Protein chains: 2
Amino acid sequence: MCYICFVNKITKTKREVVALVPKKTVARLILYKRFLKQLIDDGVKNTYSHDIATKFGVTATQVRRDLMCVGYHGASRSGYDVKKLYDEILRFFINTEGKDVVLVGVGNLGRALLSYFSGGKSHIRVVAAFDNDEHKVGRVICGCRCYHINELKDFVDKNKIHTVMLCAPATAAQDIAVQLIKSGVKGILNFSPVRLNLSADVYIEDFDITMNLEKVMFFAGSNTGFEEKINV
Amino acid sequence: MCYICFVNKITKTKREVVALVPKKTVARLILYKRFLKQLIDDGVKNTYSHDIATKFGVTATQVRRDLMCVGYHGASRSGYDVKKLYDEILRFFINTEGKDVVLVGVGNLGRALLSYFSGGKSHIRVVAAFDNDEHKVGRVICGCRCYHINELKDFVDKNKIHTVMLCAPATAAQDIAVQLIKSGVKGILNFSPVRLNLSADVYIEDFDITMNLEKVMFFAGSNTGFEEKINV
DNA sequence: GCAGAAAAGTTATTTTTTTCACAAAACAAG
DNA sequence: CTTGTTTTGTGAAAAAAATAACTTTTCTGC
Ligand SMILES: NC(=O)c1ccc[n+]([C@@H]2O[C@H](COP(=O)([O-])OP(=O)(O)OC[C@H]3O[C@@H](n4cnc5c(N)ncnc54)[C@H](O)[C@@H]3O)[C@@H](O)[C@H]2O)c1
Ligand SMILES: NC(=O)c1ccc[n+]([C@@H]2O[C@H](COP(=O)([O-])OP(=O)(O)OC[C@H]3O[C@@H](n4cnc5c(N)ncnc54)[C@H](O)[C@@H]3O)[C@@H](O)[C@H]2O)c1
């Protein structure tokens, strides 16, 4: 597999590019991006693969491999220009940056998420919430306006929404997901503990709190020396 | 790597066993367990690797591979006895089952988690919550009693707690984590967007909502045909 | 009882991800 | 200007995970 500069120099469709980038690399790049942002805010000018690696508990080689995917070249000996590297990573995430997100299911979890994303703690904007509970529809909840789920298709169309956080009860999740896809949604962060059965051209990330808690309980109980470096 | 019956027949320490079981297999086994529980409740007696595979979007071979790790043998043609397989998976998770968990950081997210786990929606028990906010200490919040963070060590000792859900602000997370480890905690499900820097004999699962949302946004924007089968 | 199908179990192969190892570059000090 | 050190970039190797291919068992229908 040849990663070399495929983002910038060789003409490939975005689809092919994505296929070449390991999924875990995408996850790590997001973390690197966050770290670089921090460095910029702190006024740091340069950084090294080794720095980044230490920060995230991976090897320096891994970091350099990952950075190959974004096509920015550091300098021997003086490492990476923080600002330039950051910008290049932003370019890699060009389809992501600035895009808005909506949330479906304004329950306990949904409200926690809404307050977080409305509270200015994130650069990601959650621009609307949807529920089927008439008591919630029409109100502004945790800083976000709540619409009826039936209004979702219109909203998604008009606002070119690609991504949804799905916090509905397990029993409703599959039906809602089908509706989301019909409305043109391309990615779902699924908090409900059910696997969504959908056509293949949608990206689903199952974000299963209970399963992950059980996983921690297992490894905590088993006393292995393992430590998952990065959760992907 | 030879998986054969290592749980039951070959004498190995638990540590070695865990090292042989792929991490992702552990994650999938938890999902299979949940599915089998459902089948038992529905009165289904038998199931097949193919059934389970379809349910979770993996291959039947993968399922059989995973099940090798728990040491239960199905029967050709008639598949797996649901109850027996479930029991065998429980045996695999013997150190996990029945163990209790505590939560640190009773903020927006913490409260959502507390109401979920106190609301009888999970078989996992969150037996105490900890915070440093005097307004919260001493109260029962979302069905769970909240103690001062200073009382944590005692509680963890007395109640043999191994696992913690950490929902504190990013700025406090590292300090709290150090304290947790000193208190004897062996596993942390870390919701804060910082990597915890700790000694290696603790299992940390970084459960980074923002990073995962960005990942979905990336893949949603990039229109690849990819679908992550199971989030691990 | 036998042919055929269906399913588990297992070995081999492939694919994906990570690490190793080293060349090339760049800088610093003498 | 040369030597040594540090750091990137990358081919090659290794490790991990997933899949394919094959073997055996068991059941069904004839
Ligand atoms: N809260 C947690 O800590 C937690 C933990 C683990 C898993 N989960 C999962 O996350 C999901 C949400 O959990 P929660 O605690 O917020 O649940 P909740 O019951 O508090 O909220 C669910 C919300 O979805 C809405 N809803 C129901 N049907 C709908 C439909 N058809 N269309 C639109 N909205 C609909 C409800 O009105 C409600 O507002 C659940 O699937 C749950 O299993 C939550
Ligand atoms: N809420 C979300 O949807 C969301 C989304 C992404 C990430 N997160 C992360 O999850 C974590 C919790 O988020 P939140 O929205 O619940 O935050 P929050 O501010 O609402 O709650 C934090 C809680 O931690 C307590 N706390 C602070 N310092 C403490 C200490 N030293 N010891 C014990 N308790 C302490 C506070 O009193 C408060 O109750 C944060 O790290 C946040 O970045 C949350």
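No hydrogens, no waters, no symmetry mates; every other heavy atom, side chains included, goes into these values. The structure presented is a predicted model; accordingly, all values stated were derived computationally and were not measured. The sequence lines fix the lettering, A, B, ..., with proteins before strands; numbering per chain opens at 1.
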(request) Do nucleotides 21-30 of chain D as a string where each nucleotide becomes B, S or -: B if the base has a protein heavy atom under 4.0 Å, S if just the sugar-phosphate does, - if no protein is that close. (result) ----BBBS--
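A ring-centre distance under 6.0 Å is found for B:F218 and A:F92.
In this structure, OH of A:Y72 is placed 18 Å from C1' of D:dT10, rounded to the nearest angstrom. The distance between atom CG of A:D66 and atom P of C:dT16, rounded to the nearest whole Å, is 17 Å. A:K23 places its NZ atom 9 Å from the P atom of C:dT16, with the value rounded to the nearest Å. Separating the CZ atom of B:F56 from the P atom of D:dA18 is a distance of 15 Å, rounded to the nearest angstrom.
Evaluation of atom-type donor-acceptor distances gives no pair under 3.5 Å for the side chain of A:R65 against the base of C:dT17.
In this structure, B:S115 has no side chain to side chain donor-acceptor pair (under 3.5 Å) partners at least two apart in sequence or on a different chain. For A:Y80, there are no ring pair (Phe, Tyr, Trp, His ring centres under 6.0 Å) partners at least two apart in sequence or on another chain.
In this structure, CD1 on B:I124 lies 4.5 Å from CD on A:E214, to the nearest 0.5 angstrom.
Against DNA chain D, the stretch residues 80-87 of chain A makes heavy-atom approaches under 4.0 Å through A:Y80.
For A:D87 and A:R91, the salt-bridge test fails: no basic side-chain N is under 4.0 Å from an acidic carboxylate O. We find that A:K55 and A:D51 are not joined by a salt bridge, their nearest charged nitrogen and carboxylate oxygen being 4.0 Å or further apart. Under a 4.0 Å N-O distance rule, the pair A:D208/A:K215 does not qualify as a salt bridge.
Side-chain contact, A:Y203 with A:E205: a donor N or O sits under 3.5 Å from an acceptor N or O. Using modelled atom types, one finds no donor on one side chain facing an acceptor on the other under 3.5 Å when comparing B:Y116 with A:N108.
Listed pair B:S49 / C:dA7 fails the phosphate criterion, with no side-chain N or O lying under 4.0 Å from OP1 or OP2. At least one side-chain nitrogen or oxygen of A:Q62 sits closer than 4.0 Å to the OP1 or OP2 atom of C:dT19. The shortest distance between the side-chain N/O atoms of B:H50 and the OP1/OP2 oxygens of C:dA6 is not below 4.0 Å.
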If you look only at distance, which donor and acceptor atoms sit under 3.5 Å apart when one is on a side chain in residues 168-181 of chain B and the other is two or more places apart or in another chain?
unit_1: B:Q174; atom_1: OE1; unit_2: B:N197; atom_2: N; d: 2.9
unit_1: B:Q174; atom_1: NE2; unit_2: B:N197; atom_2: O; d: 3.1

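In DNA chain C, runs of at least 3 consecutive Watson-Crick or G-U pairs, each pair with both distances below 3.5 Å, span C:1-30 with D:1-30.
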